[in-house]
Protein chains: 2
Amino acid sequence: MTIDDAPRDGLRGGPRELLRLVASGAAVSRADLARLSGLSPSTVSQRVEALISEGLLQEAGAGKSRGGRRPRQLAVPTGGALIGAIDLGAHHARLGTLDLTGRVVEVRSRPVRIEDGPEAVLGALLDEVTALAPGADAAVPGQREAVPAGGRALRGIGIGIPGPVQYDTGRVVSPSRMPGWNGFDARDFCARRTQVPVVVDNDANLMALGEHRAAHAELDHAVYVKAGTGIGAGVISGGRLHRGAQGSAGDISHCRVVADPGPLCSCGNTGCLEAVASGAALVAALREQGVPVEDLTGVMRLIDDGDRHATALARRAGRSIGEILAVVVNFFNPQVVAIGGRLAECEPLLASMRATLYERCLPLATQALLIERVVTGPDVGIMGAAQLVIDRVVDPS
Amino acid sequence: MTIDDAPRDGLRGGPRELLRLVASGAAVSRADLARLSGLSPSTVSQRVEALISEGLLQEAGAGKSRGGRRPRQLAVPTGGALIGAIDLGAHHARLGTLDLTGRVVEVRSRPVRIEDGPEAVLGALLDEVTALAPGADAAVPGQREAVPAGGRALRGIGIGIPGPVQYDTGRVVSPSRMPGWNGFDARDFCARRTQVPVVVDNDANLMALGEHRAAHAELDHAVYVKAGTGIGAGVISGGRLHRGAQGSAGDISHCRVVADPGPLCSCGNTGCLEAVASGAALVAALREQGVPVEDLTGVMRLIDDGDRHATALARRAGRSIGEILAVVVNFFNPQVVAIGGRLAECEPLLASMRATLYERCLPLATQALLIERVVTGPDVGIMGAAQLVIDRVVDPS
DNA sequence: ATGACTTTGTTCGGCACTCGTAGAAAGTGA
DNA sequence: TCACTTTCTACGAGTGCCGAACAAAGTCAT
């Protein structure tokens, strides 16, 4: 829809690049920044000065000499403004605050009941997030420009939803298994309620953004699969998040993987990937086999214990995911496919997926392909949310 | 590989935007350009002056008044420099010359025998292309800057290859059914031979570039399928050509579409899309059924005549292509899927493909999806080649 | 210690690009 | 003939970046 969906920010060009280089520890001095960013020393000097006067950067004493003048070290100040983030899942939500460099400050997990509807679910989570940033009303009005903004005020909130989100409008569209959410304008609702800018996106997209920035910032093309209760994917093309026309890019959950008399899916079709390989499908299939299992955690435990049925199901799920991803890899030719979510912990699933990919893809497409588990951990979603807020709200270059 | 694979040129920003607006007939005067491009009138004036002095644009008398001063009309000069283009196919090649706005000047078709190897095939085609632009040595040395460059000199050549091309290096990599081409550095060979800048890309990518610029320039995400002797696809993401990590993006020909004892593919696997749905596969399957058919043209004729076997095969091919494209559409969520190549003329195939797409995709992904036949005609490949040359050689902003 | 050399960082002028404003040029219409 | 519109250019200003020169602060061999 928009011309530039997500500015390729922290890499080349954007003024945030310098900030990120310092925050990541890659650069400590202005000279480092010039070398790493490719900008001229004079430009770096200029920009650093601007960042310091905005309160986004500060000097931190002198470093060690490398045979010449000692560098004046730079650091990202702690205690500045905050970003709120919510990563909503099928049964649990993760929420927290992060600083303007995208580092987690505080994080919590809460059980949620999606079926209570968007107002109730989001309302409670928003209240908790805003409570984590008490600085909002402690801000000194006159100094908002000079000092980074009072106590620890909230500059924006990023929210991930486990279903399709029309990013331009912030609406949730035709989600399966989220009764009462269809068409809900989550962005507007949250922005009105908190009086703070809000961005809303699909949870897999946020995972992709978080993991890509944290682990693969130098790679141009990547696919991140989130396999938990449901299955989704986030797509990076040319260093930017690819959301597609309706914002539903990466939604592979209803691709067909088994011939016609397959298991019935929540979407009404049969044989969908989600009906075969998602966490919910594993739980359902085990129960059908008479194995008493509570939830996905129970399934994971069975697999860890070496239960035959559960392990076989996990292998089959991995094969199914691999079959779809094989098409995706041939078509998209990414540099990396990373899998996250609860099911990524499942070794048999991962192994089957890998095997299927290598078997079914062009050798050309897999020869240099990284197939990994997501390395950023359970906070990856809220980290991606914060990245999005930084890109779109804090510093939309 | 590169940060900015293909600059989003003719749209917003690039200095070529103005040229394209004039060439397409959308703008006739400087005032038009200012309105359409969003640039200020002063900037337009400046850029137009620069383009005129480069010989890329010229004034063409006064237009009709709209209640005020009459506009000074602009036009793209004819007779300027040329771009050479070759669209290599499995059995035929299309070659020609185009002007700097991407319009075809001359075009021809030649039978080729790929198996003669790259030097012989490309050598002959290059000779013919250079012969179409005799201005190369007629150029007046001193005036190369002021006047557009002598007679009709060749500024660059764009070449499409029916197999994977590593775009960065210009090498052909592991093509199936192109014996003797693997690893061949086509760009270097052609550039040395002609002493002119050369760009080489996959044929489906060039088709995508040509069709996108000509028909869907305003759309951000598109997939163009080229179904002829082989099957390939070109991918546009965010208005740019997405080539992927190894340049093999869009290569869906070896995705599996039938369960294990499927037809043997040239790649050694069984059940590949190419072994089921390509033109070559249709010819082979008909022969196996005892139908004497010469080539793809023969198959098309049978289908037009209503032959049951041929039509059934075409329908099955359409379904197979649709099954793969369904995954692609769910994953990539494009605004348009267009199909070109010889098989696109086949109505039953197209119908089956459409049906399969609507059946297997998320409604969200197909509700606004255009499913079309390519409209640019048989020259689309060389038009795309010229676009690539313009972007990368003539005017790499 | 002393001078040569390194590394770090700033200042300053200049280039390239764009915009806005003003105004010139060239029409129309009452 | 005058008011008004449309088209196009000229000029000054602003921005963002760069390179060169220089200033600051070290190390190291003699």
Side-chain angles (χ1 to χ4, degrees), chain A residues 3-4 7-19 21-22 25-54 56-75 395-397, chain B residues 3-4 7-9 11-19 21-22 25-54 56-75 145 395-397:
Chain A
I3 290 288
D4 241 2
R8 182 151 200 192
D9 216 40
L11 309 176
R12 254 153 266 229
R16 279 210 92 67
E17 178 188 16
L18 301 186
L19 219 48
L21 285 169
V22 173
V28 174
S29 66
R30 292 164 176 80
D32 285 351
L33 286 173
R35 276 188 295 266
L36 291 171
S37 68
L39 294 169
S40 77
S42 43
T43 307
V44 169
S45 211
Q46 227 170 265
R47 286 205 192 167
V48 166
E49 197 174 8
L51 289 171
I52 289 177
S53 79
E54 279 183 72
L56 296 174
L57 214 53
Q58 65 186 15
E59 298 212 341
K64 262 202 305 205
S65 164
R66 294 197 303 174
R69 169 174 173 176
R70 282 192 313 221
R72 296 162 62 182
Q73 291 184 302
L74 299 170
D395 189 62
S397 31
Chain B
I3 291 288
D4 241 2
R8 182 150 201 194
D9 216 38
L11 309 175
R12 258 153 263 230
R16 278 211 93 67
E17 178 188 16
L18 301 187
L19 220 48
L21 285 170
V22 173
V28 174
S29 67
R30 292 165 175 81
D32 286 351
L33 287 173
R35 276 188 294 265
L36 291 171
S37 70
L39 294 169
S40 75
S42 42
T43 306
V44 169
S45 210
Q46 224 171 267
R47 284 205 194 167
V48 166
E49 198 174 7
L51 289 171
I52 288 177
S53 78
E54 279 183 72
L56 296 174
L57 214 53
Q58 65 184 14
E59 298 211 341
K64 261 202 304 205
S65 164
R66 294 197 303 175
R69 171 175 172 174
R70 283 192 312 219
R72 296 162 61 182
Q73 291 184 303
L74 299 170
E145 296 305 298
D395 188 64
S397 33

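Each chain gets a letter, A, B and so on, in the order its sequence line appears, and its residues count up from 1.
Residues L57(A) and V48(A) come closest through the heavy atom pair CD2-CG1, 4.3 Å. The minimum heavy-atom distance linking L36(B) with A27(B) is given by the pair CD1-CB, 3.8 Å. Scanning both residues, S65(B) and G68(B), for their nearest heavy atoms gives OG-O, 2.6 Å.
Here dC15(C) presents its C1' atom at 13 Å from CD of Q46(B), a figure rounded to the nearest Å. Distance, K64(A) NZ to dT27(D) P: 12 Å, rounded to whole Å. Spacing between atom CZ of R47(A) and atom P of dC18(D) amounts to 8 Å, rounded to whole angstrom units. Rounded to whole Å, the distance from CD on E59(B) to C1' on dT9(D) is 12 Å. To the nearest angstrom, C1' of dG9(C) lies 7 Å from CZ of R72(A). For the pair Q73(B) CD and dG27(C) P, the computed distance is 13 Å after rounding to whole Å. We find that CZ of R66(B) is positioned 11 Å from C1' of dT5(D), with the value rounded to whole Å. Going from atom CZ of R70(A) over to atom C1' of dG26(D) covers 8 Å, rounded to whole Å.
Taking only distance into account, the side chain of T43(A) never meets the base of dG16(D) through a donor-acceptor pair shorter than 3.5 Å. On a pure distance criterion of 3.5 Å, no polar donor-acceptor pair joins the side chain of S29(A) and the base of dG9(C).
In this structure, the separation between CG on L74(B) and CD on Q58(B) is 9.5 Å, given to the nearest 0.5 Å.
Nucleic acid contact for S65(A): sugar-phosphate only, since backbone atoms but no base atoms lie under 4.0 Å from a heavy atom of the residue. Using a 4.0 Å heavy-atom cutoff across all strands shown, E49(B) reaches no nucleic acid atom at all.
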**OP:** Please assess L33(A) against V22(A) for the test side-chain contact (heavy atoms from CB on, under 4.5 Å), listing each intermediate value before the final yes or no.
**Re:** CA-CA 8 Å; L33(A) 286 173; V22(A) 173; 4.1 Å; yes
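Between G68(B) and A31(A), the residue whose closest nucleotide on DNA chain C is further toward the 5' end is A31(A). Between V44(A) and R69(A), it is R69(A) whose nearest contact on DNA chain C lies nearer the 5' terminus. With the nearest nucleotide of DNA chain D identified for both P41(A) and G67(A), P41(A) has the one nearer the 5' end.
If you check dC8(D), dT21(C), dG19(D) against the side chain of S42(B), the one that comes closest is dT21(C).
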